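Each chain gets a letter, A, B and so on, in the order the sequences are listed, and its residues count up from 1. What you see is a predicted model; the values in this text were computed from it and never measured.
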Number of protein chains: 2
Amino acid sequence: MPVEDRREALVAAALAVVERDGLGGASARAVVAEAGMPLGALHYAFPSLDHLLAATLDAVTDQERLAAEAPISAGVDGGLEATLAAGLDAYVSLLVARPARELAYLELMLHASRDRLDLPPAPGRYERSYAVVAALLEEAAAATGHRWAAPPLTLARHAVAMLDGITTTWLADHDEPAARATVRFLAASLAAQSTKED
Amino acid sequence: MPVEDRREALVAAALAVVERDGLGGASARAVVAEAGMPLGALHYAFPSLDHLLAATLDAVTDQERLAAEAPISAGVDGGLEATLAAGLDAYVSLLVARPARELAYLELMLHASRDRLDLPPAPGRYERSYAVVAALLEEAAAATGHRWAAPPLTLARHAVAMLDGITTTWLADHDEPAARATVRFLAASLAAQSTKED
DNA sequence: GCACCAGTTGGACGATCGTCCAAGTCCGTC
DNA sequence: GACGGACTTGGACGATCGTCCAACTGGTGC
């Protein structure tokens, strides 16, 4: 098995373990067992367990988050606010249906952010996420004949931040109606930053 | 030393350790060392390490979060939006100045939320936080002659969610100007949910 | 002064941790 | 078939983990 394939398999296994048992349960032995590999394979593919967890965060940021954010402006007939609300509501449904994935993402992200607390800004990891959401916002505006009054990239960051907050808050209290209400608040707030095209 | 005092001291020590070394570094030995107690004292005061960490989460939710949210509507001359923006901006300053505290809070919260993933909603833990923010919102509205068009408790939940999101996002990218921009977005969005009193 | 007990302690236990590395396996080449 | 080297393996290592409990402490009541 090529080293690259082995790395990918280990990343997938690490994500599965973190989802099931949490970051604390993601030991070297648990991950290689999940991947069906011998113990030594981990340090053959990665310098350390922490390197594997960092790679896992990158993977989940690139793939899973974008998949979660993809429906944000899914096509819905109606105004801009309704379009945004429907797409954002789909994220809540995804969160409620599979909370372990979002929980794993947050645990990995906080773990990685700890040893950069006193370091200069780490650009990049979120940039792709912002860009994707910004593109979706532009798409939604175009489809409903609106124009954004603020830079879509800026609005995208607001949206991503709020989705993160909705996630942590729902994880804390499991209040789904409240989460959906917050999503509608976000849709209205975003729509307020647009003007109807003439 | 009374058992209650011992518990409080252990909670304070646990919080200090999680801030410094993360949840993964919060072992029984690390906590009792921080508290200057012998190892056995932990299981004398708490049934297990996890019970101590849960108590630590309760303490940080009650005390520290409320302290962080207190300045949300600190008195500022100007309209409602400016008042809210100034108070929320103070939270960002606190976050940037002491990120370890917020990071510790989130780590403890996610840890506690994991073993309730398939359980019915756990009411209560956040309720006090929402109530305090709601009171601050009402205070700000009254001071500037506004009336909330939506229930303050609902708006408070939106605000708390967004502050959580601002925290995770800033921890990920350390983009302080962006965090402050999101705070202004939140202030404007909240203010839009009010009407000027006659 | 002695017995007693609630409170306190730190060593012991078995399990598990991340990492390393000597030994083993496999396949292409002479 | 014999050799060589790259790849793969799982046991070994020392450290640390959460928990338990037998021993010790200090003060109180007789």
Side-chain angles (χ1 to χ4, degrees), chain A residues 1-59 104 107-116, chain B residues 1-59 104 107-116:
Chain A
M1 179 185 293
V3 182
E4 193 54 37
D5 292 357
R6 196 176 284 273
R7 268 197 277 261
E8 281 181 27
L10 281 169
V11 163
L15 179 56
V17 171
V18 175
E19 278 190 48
R20 189 194 335 117
D21 303 320
L23 190 59
S27 67
R29 284 167 180 80
V31 172
V32 295
E34 178 76 22
M37 292 182 193
L39 178 57
L42 194 157
H43 286 86
Y44 168 69
F46 290 95
S48 76
L49 178 63
D50 250 7
H51 282 78
L52 168 58
L53 293 177
T56 305
L57 172 60
D58 286 338
E107 284 185 312
L108 288 168
M109 197 275 287
L110 292 182
H111 176 72
S113 74
R114 174 163 293 281
D115 43 40
R116 299 187 269 111
Chain B
M1 178 186 295
V3 182
E4 194 54 38
D5 291 358
R6 196 177 283 273
R7 267 198 276 263
E8 280 182 28
L10 281 169
V11 162
L15 179 55
V17 171
V18 174
E19 278 190 49
R20 189 194 335 115
D21 302 322
L23 189 59
S27 67
R29 284 168 180 81
V31 171
V32 296
E34 178 77 22
M37 293 182 190
L39 180 55
L42 194 156
H43 287 86
Y44 169 70
F46 290 94
S48 75
L49 178 61
D50 250 8
H51 282 79
L52 167 57
L53 294 177
T56 305
L57 172 59
D58 286 337
E107 284 185 312
L108 288 168
M109 198 274 288
L110 292 182
H111 177 70
S113 74
R114 172 162 297 279
D115 44 39
R116 299 187 270 112

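- Comparing atom distances between the Tyr44(A) side chain and each of dC13(D), dG18(D), dT8(D) picks out dT8(D) as nearest.
- The side chain of Arg29(A) has dA12(D) as its nearest neighbour among dA12(D), dT19(D), dT9(C).
- Between its two ends, the helix from dG1(C)-dC30(D) to dC30(C)-dG1(D) turns its axis by 30°, counting five pairs per end and rounding to 10 degrees.
- Note on Arg6(A): a side-chain N or O is less than 4.0 Å away from OP1 or OP2 of dT8(D).
- Residue His43(B) places none of its side-chain N or O atoms closer than 4.0 Å to OP1 or OP2 of dC20(D).
- Annotation: of the two residues near DNA chain C, Gly40(A) and Ala30(A), the 5′-most nearest-nucleotide partner is Ala30(A).
- Protein atom CG of Asp21(A) is 15 Å distant from nucleotide atom C1' of dC17(C), rounded to whole Å.
- One finds the NE2 atom of His43(B) at 8.0 Å from the CG atom of Leu39(B) (value rounded to the nearest 0.5 Å).
- Just one residue in the list Leu108(A), Leu110(A), Leu15(A) forms a side chain to side chain contact (heavy atoms under 4.5 Å, CB included) with Leu57(A), and that residue is Leu108(A).
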side-chain contact (heavy atoms from CB on, under 4.5 Å) between Val31(A) and Met37(A), intermediate numbers included:
CA-CA 9 Å; Val31(A) 172; Met37(A) 292 182 193; over 6 Å; no
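- For Ser48(A), the side-chain atoms get nearest to dT19(C) when compared with the rest of dT8(D), dG18(D), dT19(C).
- Of the candidate nucleotides dG10(C), dG18(D), dT19(C), dG18(D) has the atom lying nearest to any side-chain atom of Ala28(B).
- Rounded to whole angstrom, the span from the CZ atom of Phe46(B) across to the P atom of dT19(D) amounts to 13 Å.
- Rounded to whole Å, atom C1' of dT19(C) lies 18 Å from atom CE of Met37(A).
- A distance of 5.0 Å separates NE2 of His51(B) from OG of Ser48(B), quoted to the nearest 0.5 Å.
- Side-chain contact check for Leu53(B) versus Leu23(B): some heavy-atom pair is nearer than 4.5 Å.
- Counting only heavy atoms from C-beta outward, the side chains of Leu10(A) and Tyr44(A) never approach each other to under 4.5 Å.
- Separating the NE2 atom of His51(A) from the P atom of dC20(C) is a distance of 12 Å, rounded to the nearest angstrom.
- Between the CG atom of Leu42(B) and the P atom of dT9(C) there is a distance of 13 Å, rounded to whole Å.
- Remark: C1' of dC20(C) and CG of Leu39(A) are 10 Å apart, rounded to the nearest angstrom.
- Under the 4.5 Å side-chain criterion, counting only non-hydrogen atoms from C-beta, Leu42(B) is in contact with Leu52(B).
- Within the nucleic acid shown, Leu49(A) comes within 4.0 Å of sugar-phosphate atoms alone, with no base atom in reach, counting heavy atoms only.
- Phosphate proximity of dC17(C) to Ser27(A): present, with a side-chain N or O under 4.0 Å from OP1 or OP2.
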